[in-house]
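Here's the structure, in structure tokens; my notes come after.
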Amino acid sequence: MKLELLKFRAALLIFICTLLVLLWVYSAGSKLIDITEFKRQLGNQTLGKTAAVFLFWFIPISEILAALLLLFNTTRFAGLILSTFLMFLFTGYIGLVLLGYYDRTPCSCGGVLKEMGWRLHFWFNVYFLAISGLGVWLERRKN
């Protein structure tokens with residue numbers, strides 16, 4: 001029974017990491033493919049020019065780094081922590097948008113994510129935040 005539970009947890013962890021890698025590669029790739037639009041959307045944020053320049057580099061590099069870290073057993077925990085941190089930040093931003101905190105609310109997401117409404121995007125992010133957190137928990141339990 002215990003061996004079956006361990007196998008299930010290991011399979012679930014691999015599934016979570018696979019979903020997160022796909023999310024990060026897709027998200028970073030869609031930004032980099034249409035980098036002009038990504039830069040324009042960041043410039044349209046109410047965060048200021050300095051923050052926009054920082055985020056222009058920080059977001060796609062962080063997403064790619066998270067995906068790479070998740071690919072290897074030795075760095076998986078760091079990738080799960082980074083994924084959880086990024087999802088917490090992105091979900092928090094969308095939560096503030098839904099609460100009406102910002103004057104303007106452009107979405108600097110790429111691809112299909114840009115087409116979601118804010119409420120759906122929030123729940124999408126909550127889902128990935130939850131599975132990232134579950135991945136952290138499973139990885140810690142494994143070790």
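- For the atom pair CD (Q41) and CG (L55), the distance works out to 13.0 Å, reported to the nearest 0.5 Å.
- T18 OG1 to L23 CG: the interatomic distance, rounded to the nearest 0.5 Å, is 12.5 Å.
- Looking at V126 and M87, their side chains never come closer than 4.5 Å, going by heavy atoms from C-beta outward.
- Residue L82 is grouped with residue F72 when hydrophobic side chains (ILVMFWY) are merged at heavy-atom distances under 4.5 angstrom, including chains of intermediate members.
- The shortest distance between side-chain heavy atoms of E139 and I16 does not fall below 4.5 Å.
- Put simply, the side chain of L80 does not reach to within 4.5 Å of the side chain of L138, judged on heavy atoms.
- When all heavy atoms of W24 and L86 are compared, the pair lying nearest together is CH2-CB, 3.8 Å.
- Between R76 and L69, the closest side-chain pair of non-hydrogen atoms is not below 4.5 Å.
- Heavy-atom minimum distance, S132 versus T84: CB-OG1, 3.2 Å.
- Looking at heavy atoms from C-beta onward, L20 lies in side-chain contact with F128 at the 4.5 angstrom threshold.
- F124 and L22 are not part of a single hydrophobic cluster, where members link through side-chain heavy atoms under 4.5 Å apart.
- To the nearest 0.5 Å, atom CG of residue L13 and atom CG of residue L134 are 8.5 Å apart.
- Nearest heavy-atom pair, A67 versus V25, reported as atom, atom and distance to 0.1 Å: CB-CG2, 3.9 Å.
- At least one side-chain heavy atom of L5 sits under 4.5 Å from a side-chain heavy atom of R9.
- Distance CD1/I94 to CZ/F122: 8.0 Å, rounded to 0.5 Å.
- A side-chain donor-acceptor contact under 3.5 Å links S30 to the backbone of S27.
- Heavy atoms only, all atoms of each residue included: L68 and T75 are closest at O-OG1, 4.3 Å.
- Under a 4.0 Å N-O distance rule, the pair K7/E4 does not qualify as a salt bridge.
- Between Y93 and W118, the ring-plane angle classifies as perpendicular under the 30° and 60° cut-offs.
- In the hydrophobic clustering of ILVMFWY residues, with side-chain heavy atoms under 4.5 Å counting as a link, I33 and Y26 come out apart.
- For E63 (side chain) and A28 (main-chain N/O), a donor-acceptor pair under 3.5 Å exists by modelled atom type.
- Hydrophobic cluster membership is shared by F38 and L32, with clusters built from Ile, Leu, Val, Met, Phe, Trp and Tyr side chains linked at under 4.5 angstrom.
- Summarising the geometry of L70 relative to S83, their closest heavy-atom pair is CD1-OG, 3.7 Å, with the distance given to 0.1 Å.
- No side-chain heavy atom of F15 sits under 4.5 Å from any side-chain heavy atom of I131.
- The environment of W137 atom CH2 is dense: over 12 non-hydrogen atoms of other residues, nucleotides or ligands sit within 6.0 angstrom.
- A heavy-atom distance below 4.5 Å is found between the side chains of L19 and Y127.
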